[in-house]
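One structure below.
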Amino acid sequence: RVARELHDTLLSGMAGITMRLDAATIRASGPLGLDASEIAEVRTLARTTLLEARDAVTAMRKSADDLVPFWDQLADAARRTFAGTEVDVRVEREGTPRAYPGDVEAEVVRIATEALVNARKHSACRSVVVRWVHERRGLRVSVTDDGTGFDQRDASRNGHWGLQGMHERAAAIGATLTINSDARRGTDVVVSIPAPRQ
């Protein structure tokens with residue numbers, strides 16, 4: 001679990017910071033120089049990464065009663081991931097909420113957040129929809145983007161551990177993870193969790 005948390009917070013965040021710094025370095029050597037707003041963006045990303053890492057550590061120490069409501073966590077993750085972009089982010093929910101154990105909710109939020117981060121970093125999407133649907137048989141959470149899809153086999157072979165971590169998180173809570181991706185239609189990540197036993 002610690003390895004997954006490191007990947008989803010520190011490693012993912014540092015990768016984003018490195019990409020921004022690389023781009024800023026190239027622009028700094030050009031005729032226009034470096035814009036102060038670029039430095040501010042990198043600083044904001046670094047702060048966000050630190051907060052997410054701190055939140056991850058805190059979540060591992062908290063009891064279920066201390067956690068922020070499930071829906072609020074998902075909505076906040078979507079807004080925070082695409083803050084400062086022009087991507088149209090929608091969050092939708094249906095059905096009557098049921099209470100799930102805190103560890104189940106935490107893992108679902110992590111899976112959804114990883115899907116959101118991947119969409120921002122790799123898909124060049126214009127819109128993202130997060131759906132939270134309570135059905136009789138359980139809960140379904142999906143993250144759908146309209147960007148460029150990917151080959152899951154290539155991602156695994158190239159050492160990108162995010163997908164493996166998502167599958168491990170789903171398996172740990174008895175959920176089913178389905179990922180459909182197409183170069184022309186984007187990516188759809190769906191987590192299905194059985195209804196909690198009474």
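The first residue in the sequence is number 1, and the count goes up from there.
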Within the 4.5 Å heavy-atom criterion, are [X] and [Y] side-chain neighbours or not?
X: Asp188; Y: Ser142; result: yes
X: Val189; Y: Met166; result: yes
X: Cys125; Y: Val87; result: yes
X: Ile179; Y: His167; result: yes
X: Val91; Y: Trp132; result: no
X: Arg120; Y: Leu116; result: no
X: Asp76; Y: Trp71; result: no
X: His134; Y: Glu94; result: no

Using only atom types and a distance under 3.5 Å, with no angle test, would you say the side chain of [X] pairs donor to acceptor with the backbone of [Y]?
X: Thr81; Y: Ala78; value: no
X: Asp146; Y: Arg126; value: yes
X: Arg98; Y: Leu139; value: no

Nearest heavy-atom pair of [X] and [Y]: which atoms, and what distance?
X: Ala119; Y: Phe82; result: CB-CZ, 4.1 Å
X: Val191; Y: Val108; result: CG1-CG2, 4.5 Å
X: Ser181; Y: Gly149; result: OG-CA, 3.0 Å

If hydrophobic clusters are built from ILVMFWY residues whose side chains come within less than 4.5 Å, do Val109 and Val129 share one?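 As far as the 4.5 Å side-chain criterion goes, Val129 and Val109 are not connected within one cluster.
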Let me check something: do Leu177 and Ile193 share a hydrophobic cluster, defined by ILVMFWY side-chain heavy atoms less than 4.5 Å apart, either directly or through other members?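 Same cluster: Leu177 reaches Ile193 through Ile, Leu, Val, Met, Phe, Trp or Tyr contacts under 4.5 Å.
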First locate atom [atom1] of [X], then atom [atom2] of [Y], and finally report the distance between them rounded to the nearest 0.5 Å.
X: Glu105; Y: Phe70; atom1: CD; atom2: CZ; answer: 5.0 Å
X: Thr144; Y: Arg90; atom1: OG1; atom2: CZ; answer: 9.5 Å
X: Ile173; Y: Arg110; atom1: CD1; atom2: CZ; answer: 13.0 Å

Could you please spell out the steps behind the side-chain contact (heavy atoms from CB on, under 4.5 Å) verdict for Arg140 and Val190? CA-CA 7 Å; Arg140 186 162 39 88; Val190 182; 3.5 Å; yes
For Asn180 and Thr187, run side-chain contact (heavy atoms from CB on, under 4.5 Å): C-alpha distance rounded to whole Å, both residues' side-chain angles, the deciding distance at 0.1 Å, then the answer. CA-CA 6 Å; Asn180 293 309; Thr187 301; over 6 Å; no
Residue list, salt bridge (Lys or Arg N to Asp or Glu O under 4.0 Å) with Asp182, at least two apart or on another chain: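 Residues passing salt bridge (Lys or Arg N to Asp or Glu O under 4.0 Å) with Asp182: Arg184, Arg185.
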side-chain contact (heavy atoms from CB on, under 4.5 Å) between Leu74 and Val141, intermediate numbers included: CA-CA 9 Å; Leu74 289 170; Val141 175; 4.2 Å; yes
